[in-house]
Amino acid sequence: MLTATRGFRHDSIPVAKEVMTGLAASRGTFTVTTTEDVSSITAGMLSSFDVIFFALTTGELEFSAVQKTAIVEFVSQGKGFLGVHSATDTLYEWPDYGRLVGAYFKEHPWTQSATVIVEDPANPSTSGLGDRFSITEEFYTFRDNPRPRVHVLLRLDAQSVGASGDYPLAWTQSFGSGRSYYNALGHFEETWRDARFQRQLVGAIQWAAGR
Ligand SMILES: [Zn+2]
């Protein structure tokens with residue numbers, strides 16, 4: 001779980017780390033290693049993990065070409081990637097990362113309570129959520145709509161923010177032999193403490209790990 005930032009730094013990062021560590025302890029089905037140290041991400045280090053999780057990262061993180069290859073190969077050769085919230089506001093200048101996370105952040109026009117529609121309740125990350133839920137969040141839009149490239153799990157109910165259009169909020173995709181999951185929620189500490197968000201993260205880890 002990498003929480004390094006080279007741009008905006010979310011106040012919710014400490015809570016995100018605390019929540020993930022707590023979920024690992026309480027569920028007992030996975031462990032979490034957190035780091036802020038970009039230089040620690042190497043092929044050798046990754047070889048002992050099943051999933052790499054970019055949590056609230058921002059900006060042009062200083063990965064070397066060798067590290068970038070290690071991350072791409074880690075996922076494409078069969079492991080998992082998770083990105084949450086500003087993981088799409090990260091590494092705009094690395095096109096392979098854009099393909100891995102699925103889209104790049106454009107803007108956040110709505111910070112309010114809104115309705116999220118569950119498009120696919122069959123993924124482990126969305127099972128049990130029902131067909132929709134309301135949450136107070138900073139809702140993202142993206143430079144282009146990822147829908148043609150990914151499998152959408154959640155989308156914003158545009159009417160609930162007085163808008164129209166298609167706004168995917170969480171998705172999965174295959175990446176070579178591996179799996180990639182992204183969820184745009186996670187701006188606020190309250191979201192990380194929300195059992196409905198925690199359920200999604202635990203399910204996403206399970207799915208991304210191929211379990
Ligand atoms: Zn945010």
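Hydrogens, waters and symmetry mates are skipped; everything else that's a heavy atom, side chains included, is used. Along the sequence shown, the residues carry numbers beginning at 1. Atoms within each ligand, like the ligands themselves, are counted from 1 in listed order.
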- Message: Which residue is it: Y140, F105, F54? I am looking for the one with a side chain to side chain contact (heavy atoms under 4.5 Å, CB included) to S86.
- Response: Y140
- Task: State whether R132 and E119 are salt-bridged, where the test is any N-O pair (Lys NZ or Arg NE/NH1/NH2 against Asp/Glu carboxylate O) under 4.0 Å.
- Result: no
- Among N, O or S atoms, H187 approaches the Zn ion (ligand 1) most closely through ND1
- State whether H108 contributes an N/O/S atom found under 2.8 Å from the Zn ion (ligand 1). no
- Task: Look only at the side chain of T58 and the backbone of F8, and say whether a donor-acceptor pair between them is shorter than 3.5 Å.
- Result: yes
- Message: Looking only at N, O or S atoms in H10, which is nearest to the Zn ion (ligand 1)?
- Response: NE2
- Message: Using the side chain to side chain donor-acceptor pair (under 3.5 Å) definition, which of the options E138, E137, H108 pairs with H187?
- Response: E138
- Which N/O/S atom belongs to E138 and is the closest one to the Zn ion (ligand 1)? OE1
